[in-house]
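See below for the structure under consideration.
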Amino acid sequence: MALKKTLTIAGSDTSAGAGMQADLKTFQEHNTYGMVALTAVVAMDPETWSHDVTALPIELLDKQLKTALSIKPDAIKTGMLGTEEIIGRAAQAFKDSDAEYFVVDPVMVCKGEDEVLNPGNTEAMIKELLPIATVVTPNLFEAGQLSGLGRLTSVEAMKTAAQIIHDRGAQHVVIKGGKALEGEEAVDLYYDGETFTLLTTDKFQSSYNHGAGCTFAAAVTANLANGLTPREAVINAKAFVASAIKNGWKMNDFVGPVQHGAYNKVEKIDVQTKEV
Ligand SMILES: Nc1ncnc2c1ncn2[C@@H]1O[C@H](COP(=O)(O)OP(=O)(O)O)[C@@H](O)[C@H]1O
Ligand SMILES: Cc1ncc(COP(=O)(O)O)c(C=O)c1O
Ligand SMILES: [Mg+2]
């Protein structure tokens, strides 16, 4: 059977745990043909690991999108978009494509950096991306921003946020309680417009989890391209990223990336599901 084609519209994380590097590694682990349209380049200061983000000229993104769409991706994912103009281009690219699935990872901050990259982006994501998203994968902070509810600290609050984000057009919503929700377990909430389902694994070491969010959303994208239902795509992606986190490793004094290939090469992890 022909390989399915997956496209990420995302930034480059030079340290390669997150960003388009995480996406490509994850696409490969799922046996899809991964492609990239690059939005921005992130470099880190080796002394402090502070992030330096440079957006690419918009004309260069336009050229890449033309190339990528001519290859006819089956599923498209977004990662770090960085500016309202780029958010608009990502939305248009999906509309212009023949792709069946659009997975929006609404990246607003990098881990360890608490400054929102550009506040105007939130409005643009709500207006341009949510109405066409097959699946949207905010972390707890991003779900608070996209729903307008602010800080979320409970499953009840996550349910309210998921409902609002669904009402804003996203067909399927996964709010990643993940590292940010208190407790012994890593709990995400999946909502398909009818049923709320908690997806749970053990909470593993959390120091070496750089790229977890990108890896999760890329796995959802590849699973959809490979024909899984959105529900199966999300559950399998959670198992994939849980193994990647459990097997994350220390890169230097500042950061440790997930191990993108751990699910296929080291160990499988079970995900518990429960309707709430
Ligand atoms: N310590 C952990 N142990 C197991 N799973 C985790 C852990 N931290 C995050 N996850 C899972 O990894 C995925 C990404 O979540 P998270 O790290 O919160 O996102 P982001 O990187 O976008 O902030 C989610 O499925 C989440 O539940
Ligand atoms: C290019 C890029 N995209 C996305 C992210 C978000 O990464 P995470 O998967 O840890 O949420 C980062 C964080 O450093 C990044 O550098
Ligand atoms: Mg993220």
Side-chain angles (χ1 to χ4, degrees), residues 8-26 36 38-44 49-56 77-82 86 103-117 135-146 152 158 174-190 198-220 233-248 251 254-258 260 262-263 269-272:
T8 185
I9 307 173
S12 165
D13 164 16
T14 306
S15 77
M20 67 90 164
Q21 288 85 349
D23 295 341
L24 280 187
K25 292 172 196 184
T26 302
V36 184
L38 193 64
T39 57
V41 175
V42 182
M44 295 82 186
W49 218 247
S50 77
H51 290 41
D52 179 299
V53 182
T54 308
L56 264 57
K77 166 190 182 289
T78 66
M80 178 186 283
L81 299 175
I86 295 175
V103 177
V104 174
D105 184 15
V107 174
M108 293 180 188
V109 286
C110 290
K111 276 198 197 71
E113 311 268 304
D114 49 13
E115 189 189 339
V116 177
L117 291 173
V135 182
V136 62
T137 64
N139 63 21
L140 213 52
F141 173 81
E142 291 155 351
Q145 299 294 308
L146 290 178
L152 308 174
M158 287 161 75
V174 194
I175 300 183
K176 301 172 292 189
K179 60 176 190 300
L181 192 69
E182 301 234 345
E184 302 281 297
E185 295 174 318
V187 179
D188 301 343
L189 177 73
Y190 169 63
L198 286 184
L199 314 179
T200 305
T201 67
D202 289 342
K203 202 176 255 183
F204 302 112
Q205 63 72 27
S206 57
S207 304
Y208 311 133
N209 64 356
H210 176 62
C214 302
T215 300
F216 175 72
V220 172
V234 164
I235 294 171
N236 287 15
K238 174 138 174 102
F240 184 87
V241 76
S243 182
I245 293 169
K246 187 175 176 198
N247 293 281
M251 178 180 279
F254 304 103
V255 72
V258 302
H260 306 87
Y263 183 80
I269 286 167
D270 284 337
V271 175
Q272 314 300 324

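Start at 1 and go down the list; that is how both ligands and their atoms are numbered.
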Original post:
Which atoms form the tightest heavy-atom contact between Ala143 and Leu152, and what is the distance?
Top reply: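 Shortest heavy-atom contact: CB-CD1, 3.7 Å.
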**OP:** Run the contact test for Asn209 against ligand 1 with a 4.0 Å cut-off on heavy atoms, strictly below, and give the result.
**Re:**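 No, Asn209 has no heavy atom closer than 4.0 Å to ligand 1.
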Original post:
Does ligand 2 have any atom that is closer than 4.0 Å to a heavy atom of His51?
Top reply: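 Within the 4.0 Å threshold, so yes.
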**OP:** Determine whether any heavy atom of Gly211 lies closer than 4.0 Å to an atom of ligand 2.
**Re:**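 Judged by the 4.0 Å heavy-atom criterion, Gly211 does count as contacting ligand 2.
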[X] versus ligand 1: do any nitrogen or oxygen atoms come within less than 3.5 Å of each other?
X      : answer
Ile245 : no
Glu142 : no
Lys203 : no
Ser206 : no
Lys179 : yes
Phe204 : yes

Subject >> Per-residue contact class, Ala212 against ligand 2 - non-hydrogen pairs under 4.0 Å >> reply: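 Backbone only.
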Original post:
Going by the atom numbers of ligand 1, which of them fall below 4.0 Å from some non-hydrogen atom of Lys238?
Top reply: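 The atoms of ligand 1 under 4.0 Å from a heavy atom of Lys238 are 25 (O), 27 (O).
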Original post:
Which of these, Ala10, Ala218, Cys214, Gly17, has its nearest heavy atom closest to atom 6 (C) of ligand 2?
Top reply: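 Checking each option, the heavy atom nearest atom 6 (C) of ligand 2 is found in Cys214.
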**OP:** Could you check Asp13 against His210 for side chain to side chain donor-acceptor pair (under 3.5 Å), going step by step and ending with a plain yes or no?
**Re:** CA-CA 10 Å; Asp13 164 16; His210 176 62; 2.7 Å; yes
Subject >> Proximal ligand 2 atoms for Gly11, defined as those under 4.0 Å from one of its heavy atoms >> reply: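 Those of ligand 2 that fall under 4.0 Å from Gly11 are 1 (C).
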Original post:
Of all the atoms in ligand 2, which lie at a distance below 4.0 Å from a heavy atom belonging to Gly19?
Top reply: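 Listed by number with element: 1 (C), 2 (C), 3 (N), 4 (C).
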